[in-house]
Amino acid sequence: MMQDDEKIQGRIHGEQPEMSPDNLGLRLVYMILIAVMISIAQTVLTVATVLQFVIMLVNNREPNERLADFGTDLGVWVAKAARFQTAASEVKPWPWTELD
């Protein structure tokens, strides 16, 4: 389990390519777009959560691995988006950079 945590931490806080800061007006546009995307991601997470619960209910408490991995990937994306939103990083999340 520790390796998984380290892998996720590397995806969130790992090496970041050199990015030149955008001017503040352009950054505001990106921030608004990313805020909308975070809102959509929150809705997707809610649907995935309910779906995973139903699967576990039917499957004798066994989660769907693909859905669990999707949740991890979504969480990493939200973390990267939050880092950009709060100016902890100049790297924009997907779709402006690779989804790793």
Let me check something: do V78 and F70 share a hydrophobic cluster, defined by ILVMFWY side-chain heavy atoms less than 4.5 Å apart, either directly or through other members? no

side-chain hydrogen bond (donor to acceptor under 3.5 Å, both in side chains) pairs, two or more places apart, involving residues 37-49: none

If hydrophobic clusters are built by linking Ile, Leu, Val, Met, Phe, Trp and Tyr wherever their side-chain heavy atoms come under 4.5 Å apart, do W96 and L26 end up in the same one? yes

When hydrophobic residues are tied together by side-chain contacts of less than 4.5 Å, even through go-betweens, does I32 share a cluster with F84? no

How long is the gap from CZ on R83 to CD on E90, to the nearest 0.5 Å? 11.0 Å

Does CG belonging to L24 count more than 12 external heavy atoms closer than 6.0 Å? no

Quick one: CG on L74 to CG on L45, what's the gap to the nearest 0.5 Å? 5.5 Å

Check whether any side-chain heavy atom of K80 sits under 4.5 Å from a side-chain heavy atom of T97, and report yes or no. no

Distance check, rounded to the nearest 0.5 Å: I38 atom CD1 versus L33 atom CG? 11.5 Å

Hydrophobic cluster membership, with links at side-chain heavy-atom distances under 4.5 Å among I/L/V/M/F/W/Y: are V76 and I40 in one? no

If hydrophobic clusters are built by linking Ile, Leu, Val, Met, Phe, Trp and Tyr wherever their side-chain heavy atoms come under 4.5 Å apart, do V58 and M56 end up in the same one? no

Enclosure of W94 CH2 (heavy-atom neighbours >12, cutoff 6.0 Å): no

Minimum-distance pair of heavy atoms, taken over all atoms of M37 and P95: CE-CD, 3.5 Å

To the nearest 0.5 Å, what is the distance between OG1 (T72) and CG (L67)? 10.0 Å

Can you list every pair that meets side-chain hydrogen bond (donor to acceptor under 3.5 Å, both in side chains) and has a residue in residues 50-63, with sequence neighbours left out? none

